[in-house]
There are 2 protein chains.
Amino acid sequence: MTTIYDVARRAGVSPATVSRVLNGRASVDPEMAARVRQAAQDLDYRPNAVARSLRRSRTSLWAVIISDIGNPFFTSMVRGVEDVAQEAGFSVVLCNGDEDPEKEARYVAAALAERMAGVIISSSGRPALISRLVQARIPVVAIDRQPRGVEVDTVLVDNTHGAEQATAHLVGSGYRRIACITGPRRISTAMQRLRGYQRALKASGRPATEDLIRYADFREEGGYRAMASLLETAEPPDAVFAANNLMTVGAVECLVDNGIGVPDPFGIVGFDDIPWAHLVRPSLSTVAQPTYDLGRTAATLLVERIADPAKAPSTVVLHTELRVRESSAPSAGRQGPAAGRTRSRGTAAGSLRS
Amino acid sequence: MTTIYDVARRAGVSPATVSRVLNGRASVDPEMAARVRQAAQDLDYRPNAVARSLRRSRTSLWAVIISDIGNPFFTSMVRGVEDVAQEAGFSVVLCNGDEDPEKEARYVAAALAERMAGVIISSSGRPALISRLVQARIPVVAIDRQPRGVEVDTVLVDNTHGAEQATAHLVGSGYRRIACITGPRRISTAMQRLRGYQRALKASGRPATEDLIRYADFREEGGYRAMASLLETAEPPDAVFAANNLMTVGAVECLVDNGIGVPDPFGIVGFDDIPWAHLVRPSLSTVAQPTYDLGRTAATLLVERIADPAKAPSTVVLHTELRVRESSAPSAGRQGPAAGRTRSRGTAAGSLRS
DNA sequence: CGGCGATGACGACCATCTACGACGTGGCGC
DNA sequence: GCGCCACGTCGTAGATGGTCGTCATCGCCG
């Protein structure tokens, strides 16, 4: 590997001058600058980013710690983060926490050891991890999930409102007993979405009883099991609101395996869109999140936080959008007063292309 | 941040001894070692990975440069890479090349600047990028796509055979004019899958004419347009083999929008599975790749290459598996001699759970 | 001729690792 | 029993590569 000394020798200047030319920090004689640049090009010189980081005591790496790389929600989010990072001159280290607090802890340790420039984290629960980052003065942005007891920049969606809207839509479609499959109690999004569900039930004058609620794991398998458990009860539900995309898929699978028709007699709405939802039959009604923007917003906050570590932490809440498709639109006989949408194939496909 | 000097001072030893204790390189008096460890724990000392990297002139980071983070094929692969990296003590920097040679070049430059310990790359064409890495003595493993003119460790699947099998299956199902939507000419997988398609057609005694071939971009949009273009021809096909998952989805969308039934009258088989393929109606027949193992294998090769930079490069070819579902199984009247599978819903769902 | 501004050279510094040297102890041989 | 040698252990210092502050010098202008 060629070093800055090799370039200096070839250009007949000191290493400091080479540094100044390449960083544009101070004014250098144009003729000499050109000579340096030529030498650098001739030798295919690439500054050693490690040495630079050591001297500057800061790197140009971000750690993005997500909960599940297999979930399209997170990959889309990462894409948003990455695009902003790229523009701002940072590289992204993607870390798959896998909903495992221990794995997550390892990644936080790595971020500390590598003295990363910043961390974007969707934490699976432990606020202590985020505290450690804050204590080490590493800029942090929490995304998707709200950490408890720590003051950091945060980007969320209006989980409660989205869940309320989805549940109210099921109520309006005429379903009688609406169940809820949510995530682990320690995760803020799971609890907020549950609260939205409960609020909508109360607003419609129905009791939100515990026997209609299941706490699963935000994965396909968990959604399947929760659905199966709901069907086994003495008085099974006739609709369900599932609190994330993978559990929605699991629940639908369970219904298919049990030969139960969707949307008639059984309605389903899921939180968070899935790709190719329009190709799934019946197409799934979902509460769509602005995943890409979620990532972009978090990244923008991180850039600002790095620029000014002293500024007060802010929380940004983005909006969800209920996308009604086939899975929550029962036949005419059952439809309630609020249910007036088309089910034509063309429309469904068209709305998804956007 | 506490440094090795702080720990040394507190333990009453020299920094060198602290380093020795924590790295286990040389023998140190056990009593003294215990004192050092205690001091390190008291101060919550974490070695500065940047300084370590500079001194050792090697980092513990891998760059994984993939073509499209939105494609589940790659995320599953990355998961395999990551699991092995974790075990071997490396962290993974995920880089989304986005099928854009320029973006890809930037990431390769970053890998060089950061003196990364290794690179796993699914290159969008330019062998020059890989050459630069090899020249800089950075261990490289090519994955999914075969780089031309460079000798590096490579992990591939049997693209030609998989495509041949898929096409032969369409032939056997009784389709007459079978088209092919493949990827850009510069990408090896696109050409190999095209070759498999052509081979199968020749084996069945049909001409593989150019008017049945479209070169798209491996994306949903491209698949849609290619399908539309095939339908506009004077003599449209009645089946298509699509060379990756996203283009398959695009092609199906186009068929739906045009009101053409699948699998009757139009058959389709795609290369590479998609998640929730079993929920899509009609469920899609695909050539499934061992995506996770692809990643694991590449990572294992990289670990070996790092351990022994001198060893001869090897190429590993993994096998694909044709998964017949509904989209290629026409009704009885059309079925050819080779088409004898069930189309029952239960069976289709069951085969997908595995 | 003096002063100021601009530019370049030099060296300290970032945190860690490691080669080399020094010191001490134990064992063996005379 | 004493001395020497060898080995084990520890500390010092230098190296890693780039950045930036300091100082000196040169040239130009007043």
Side-chain angles (χ1 to χ4, degrees), chain A residues 1-37 39-40 43-61 89 110-117 136-138, chain B residues 1-37 39-40 43-61 89 109-110 112-117 136-138:
Chain A
M1 267 297 177
T2 66
T3 74
I4 202 170
Y5 296 97
D6 302 325
V7 177
R9 200 167 22 244
R10 181 173 245 263
V13 298
S14 81
T17 303
V18 177
S19 172
R20 273 195 278 259
V21 170
L22 298 178
N23 291 295
R25 279 268 189 260
S27 50
V28 177
D29 180 69
E31 189 270 336
M32 179 164 279
R35 220 165 63 219
V36 168
R37 261 184 273 272
L43 297 171
D44 193 33
Y45 168 69
R46 282 158 206 297
N48 185 327
V50 178
R52 167 180 293 167
S53 299
L54 178 60
R55 174 62 232 241
R56 290 188 174 163
S57 343
R58 65 198 156 86
T59 65
S60 60
L61 294 177
L112 284 165
E114 296 283 348
R115 307 297 194 265
M116 302 237 178
R137 303 193 182 291
I138 292 186
Chain B
M1 270 297 177
T2 66
T3 72
I4 204 170
Y5 294 99
D6 302 324
V7 178
R9 202 165 22 243
R10 180 173 245 263
V13 298
S14 79
T17 303
V18 177
S19 171
R20 275 192 280 256
V21 169
L22 298 178
N23 292 296
R25 280 266 189 264
S27 53
V28 177
D29 181 70
E31 190 270 339
M32 181 170 275
R35 222 165 64 219
V36 168
R37 260 185 273 271
L43 297 171
D44 194 33
Y45 168 70
R46 282 159 207 296
N48 185 325
V50 178
R52 169 179 290 170
S53 298
L54 177 61
R55 178 56 239 247
R56 291 187 177 164
S57 21
R58 65 201 157 85
T59 65
S60 60
L61 294 178
L112 284 165
E114 296 283 350
R115 307 298 197 262
M116 300 237 180
R137 302 194 181 290
I138 292 185

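As a basis for the values below, the full set of heavy atoms in this structure was taken, side chains included, without hydrogen atoms, waters or symmetry mates. Residue numbers start from 1 in every chain, and the chains themselves are labelled A, B, ... in the order their sequence lines are given, proteins ahead of strands.
- Shortest non-hydrogen contact noted between Ser60(A) and Gly89(A) is CB-O, 3.8 Å.
- Heavy-atom distances under 4.0 Å link DNA chain C to Leu54(A), Arg55(A) of residues 50-57 of chain A, given in residue order.
- Looking at every heavy atom in both residues, Tyr45(A) comes nearest to Thr3(A) through CE1-C, 3.5 Å.
- Near DNA chain C, defined here as any heavy-atom distance below 4.0 Å, the residues from residues 13-21 of chain B are Ala16(B), Ser19(B), listed numerically.
- Remark: Arg46(B) engages Asp44(B) in a salt bridge (charged side-chain N to carboxylate O under 4.0 Å, His left out) (not counting sequence neighbours).
- Asp29(B) is linked by a salt bridge (charged side-chain N to carboxylate O under 4.0 Å, His left out) to nothing, counting only residues two or more places apart in sequence or in another chain.
- Heavy-atom distances under 4.0 Å link DNA chain D to no residue of residues 1-10 of chain B.
- For Ala11(B), the side chain to side chain contact (heavy atoms under 4.5 Å, CB included) partners two or more places apart in sequence, or in a different chain, are Val13(B), Val36(B), Ala39(B).
- Atom C1' of nucleotide dC17(C) and atom CZ of Arg58(B) are separated by 11 Å, given to the nearest angstrom.
- Rounded to an integer number of Å, the gap from CZ of Arg115(B) to P of dT16(C) is 21 Å.
- Qualifying side chain to side chain contact (heavy atoms under 4.5 Å, CB included) partners for Ile138(A), counting only residues two or more places apart in sequence or in other chains: Leu112(A), Val119(A), Leu133(A), Ala136(A).
- Residues forming a salt bridge (charged side-chain N to carboxylate O under 4.0 Å, His left out) with Arg115(A) (at least two apart in sequence, or on another chain): none.
- Considering all non-hydrogen atoms of both residues, Ala8(A) and Pro15(A) come closest at CB-N, 3.5 Å.
- Pairs engaging residues 9-21 of chain A under the side-chain hydrogen bond (donor to acceptor under 3.5 Å, both in side chains) rule: Asp6(A)-Arg9(A), Arg10(A)-Asp42(A), Ser14(A)-Thr17(A), Ser19(A)-Asn23(A) [sequence neighbours left out].
- Closest non-hydrogen pair, Val21(B) versus Arg37(B), comes out as CG1-NH1, 3.7 Å.
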Q. What's the verdict on side chain to side chain contact (heavy atoms under 4.5 Å, CB included) for Val7(A) and Leu22(A), showing C-alpha distance, side-chain angles and the deciding distance?
A. CA-CA 11 Å; Val7(A) 177; Leu22(A) 298 178; 5.8 Å; no
Table please: side-chain donor-acceptor pairs of residues 48-56 of chain A below 3.5 Å, with sequence neighbours left out.
from, atom 1, to, atom 2, distance (Å)
Asn48(A), OD1, Val50(A), N, 2.8
Asn48(A), OD1, Ala51(A), N, 3.2
Ser53(A), OG, Ala49(A), O, 2.8

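- Remark on the helix from dC1(C)-dG30(D) to dC30(C)-dG1(D): inter-end axis angle 60°, axes from five-pair C1' superpositions, rounded to 10°.
- Boundaries of the chain B contact region on DNA chain D are dT9(D) to dG17(D), first to last in 5' to 3' order (nucleotide atom under 4.0 Å from a heavy atom).
- Atom CD1 of Ile4(A) sits about 12.0 Å away from atom CG of Leu43(A), to the nearest 0.5 Å.
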